[in-house]
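Scroll down for the structure; my scribbles are underneath it.
Sequence lines set the chain letters: A, B, ... in the order given, protein chains first and strands last, and positions in each chain run from 1. Reckoned from all heavy atoms, side chains included, excluding hydrogens, waters and symmetry mates.
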Number of protein chains: 2
Amino acid sequence: MESIELAKNTVVGILKAGCRAEAFVGTTLKSSGISLQQFNVLRILRGRKGVPANLQTVQKRMIHKMSNTTRLIDKLIEKKLVVRKICKDNRRKIEILITDKGLEVLDQLDAKIQETEAAILQPLSLEEQKTLRSLINKITLNR
Amino acid sequence: MESIELAKNTVVGILKAGCRAEAFVGTTLKSSGISLQQFNVLRILRGRKGVPANLQTVQKRMIHKMSNTTRLIDKLIEKKLVVRKICKDNRRKIEILITDKGLEVLDQLDAKIQETEAAILQPLSLEEQKTLRSLINKITLNR
DNA sequence: TTAATACATTTGTTTAAACAAAAGTTGTAA
DNA sequence: TTACAACTTTTGTTTAAACAAATGTATTAA
């Protein structure tokens, strides 16, 4: 009985914290004109260090599982932040690569995003952050 | 240096956990044809135990801060789950009240949602859930 | 080779969210 | 009273997300 309330409050807390964090980061990104999802894709691509990613790979690592990543990539292409080409080995697949301009945009955002992340977590000590990360990873990973 | 990575991973974890929880609950709600936001509003109204809420009150307590709650309420009215009337004391305000049908829908969902919440938190012990709730509340409340 | 199936991405359409502005109501000061 | 500002909700418009179906490519088995 008690545990049911606990679970409910915990899940509502997770939902609220997610929305809150989205709002924080979204506000920071707004001046750059890119959405949180777009930013996330750019960071995924930067992490590949020059190795192109196909759409599936990007989708798997995205924070928001959306049905329609094609049009998200389209937006990034319009802004010249990524390029897309057909994979030579398997023409069903595409290869997505971050451009120099994309890397620049990310580099300029890094400091701001770090500040935002610090602001979100400001009420927590480093030890508490570690605990939080660990607990969240338990419910997020490998499922 | 280390703490920057910690903050980044923690925030990304919060975002992912939020999306994951949304997906879980959203799937559970799908068969009832109501969205997570709509469900949340219904629960807010049920919690008022017959006392009507105006739009502001609902907005403040909503998980997702959206720009336009009017149309969300419209959807619930279409489904006869809530009613809306103009507040007599202050005609700028409206009064929103959950209907009997709305209460029935919620009651039927309660068990399913409890199962879903348990599934989301399944990798955590009760003690861990308490810790998680506490840490999340620190970054969510009063700001 | 051909047909059938699975795979990877794209496109069309409907639905909801984001943003900005408007409308109606109340309170206040001259 | 009247004009003005503040408050609360609604509406119009643009933009993105959700869902379903289609397109094009590769693989497999007959």
If you look only at distance, which donor and acceptor atoms sit under 3.5 Å apart when one is on a side chain in residues 21-31 of chain A and the other is two or more places apart or in another chain?
from	atom 1	to	atom 2	distance (Å)
E22(A)	OE2	H64(A)	NE2	3.0
T27(A)	OG1	A23(A)	O	2.8
T28(A)	OG1	F24(A)	O	3.2
T28(A)	OG1	T116(A)	OG1	2.6

Donor-acceptor contacts, no H, no angles, side chain residues 106-114 of chain B, under 3.5 Å, sequence neighbours left out:
from	atom 1	to	atom 2	distance (Å)
D107(B)	OD1	R46(B)	NH1	3.3
D110(B)	OD1	R46(B)	NH2	3.2
D110(B)	OD2	R46(B)	NH1	3.0

Under 3.5 Å, which donor-acceptor pairs do the side chains of residues 53-63 of chain B form with other protein atoms, sequence neighbours left out?
from	atom 1	to	atom 2	distance (Å)
N54(B)	OD1	Q56(B)	N	3.4
N54(B)	OD1	T57(B)	N	3.0
N54(B)	OD1	T57(B)	OG1	2.7
Q59(B)	NE2	T69(B)	OG1	2.8

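When hydrophobic residues (I, L, V, M, F, W, Y) are linked wherever their side-chain heavy atoms come within less than 4.5 Å, the members clustered with L126(B) are L6(A).
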Would you list the protein and nucleotides 2-4 of chain C atom pairs, both N or O, that sit under 3.5 Å from each other?
none

Nucleotide N/O to protein N/O under 3.5 Å, stretch nucleotides 18-23 of chain D:
from	atom 1	to	atom 2	distance (Å)
dC19(D)	OP1	K30(B)	NZ	3.4

Tabulate protein N/O versus nucleotide N/O from nucleotides 3-6 of chain D, keeping only pairs under 3.5 Å, one per line.
none

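Under the 3.5 Å distance criterion, the side-chain polar atoms of E128(B) are matched with a main-chain donor or acceptor of S125(B).
Sequence neighbours left out, the pairs with a member in residues 72-83 of chain A that pass side chain to side chain donor-acceptor pair (under 3.5 Å) are Q38(A)-K79(A), D74(A)-R84(A). Listed by first then second residue, pairs satisfying salt bridge (charged side-chain N to carboxylate O under 4.0 Å, His left out) with a partner in residues 1-19 of chain A number zero, not counting sequence neighbours.
Distance check, rounded to the nearest 0.5 Å: CD1 of I73(B) to CD1 of I94(B) gives 6.5 Å. Atom CG of L15(B) is separated from atom CZ of R20(B) by 14.5 Å, given to the nearest 0.5 angstrom.
Contact detail for A119(B) and P123(B): the closest heavy-atom pair is O-CD, 4.4 Å. For L124(B) against L135(A), the heavy-atom pair with the smallest separation is CD2-O, 3.9 Å. Closest non-hydrogen pair, A17(A) versus I139(B), comes out as CB-CD1, 4.4 Å.
Within residues 74-86 of chain B, the residues approached by DNA chain C to less than 4.0 Å at the level of any non-hydrogen atom are K75(B), in residue-number order. Within residues 46-60 of chain B, no residue is approached by DNA chain C to less than 4.0 Å at the level of any non-hydrogen atom.
For E95(B), the side-chain contact (heavy atoms from CB on, under 4.5 Å) criterion is met by P52(B), K85(B), C87(B), not counting sequence neighbours.
Two residues, L72(A) and K88(A), neighbour DNA chain D, and the one matched to the more 5' nucleotide by heavy-atom proximity is L72(A).
Side chain of T70(B), nearest nucleotide from dT25(D), dT25(C), dT11(D): dT11(D).
In this structure, I73(B) atom CD1 and dT11(D) atom P are separated by 14 Å, rounded to whole Å. A straight line from NE2 of H64(B) to C1' of dA16(D) spans 15 Å, rounded to a whole angstrom. The interatomic distance linking N90(A) (CG) with dA6(C) (P) rounds to 17 Å, in whole Å. Rounded to whole angstrom, the span from the CG atom of D89(B) across to the P atom of dG27(C) amounts to 10 Å. Rounded to whole angstrom, the span from the CD1 atom of I94(A) across to the P atom of dT25(D) amounts to 14 Å. Here the P atom of nucleotide dA16(C) and the CG atom of L36(B) are 14 Å apart, to the nearest Å.
Contact check for L81(B) versus I34(B): side-chain heavy atoms found under the 4.5 Å cut-off. L132(A) has its side chain within reach of I14(B): a pair of non-hydrogen atoms, C-beta onward, lies under 4.5 Å apart.
Linking Ile, Leu, Val, Met, Phe, Trp and Tyr whenever their side-chain heavy atoms come within less than 4.5 Å puts L36(A) and M66(A) in one cluster.
When the side-chain nitrogen and oxygen atoms of Q37(B) are compared with OP1 and OP2 of dA17(C), one or more of them lie within a distance under 4.0 Å.
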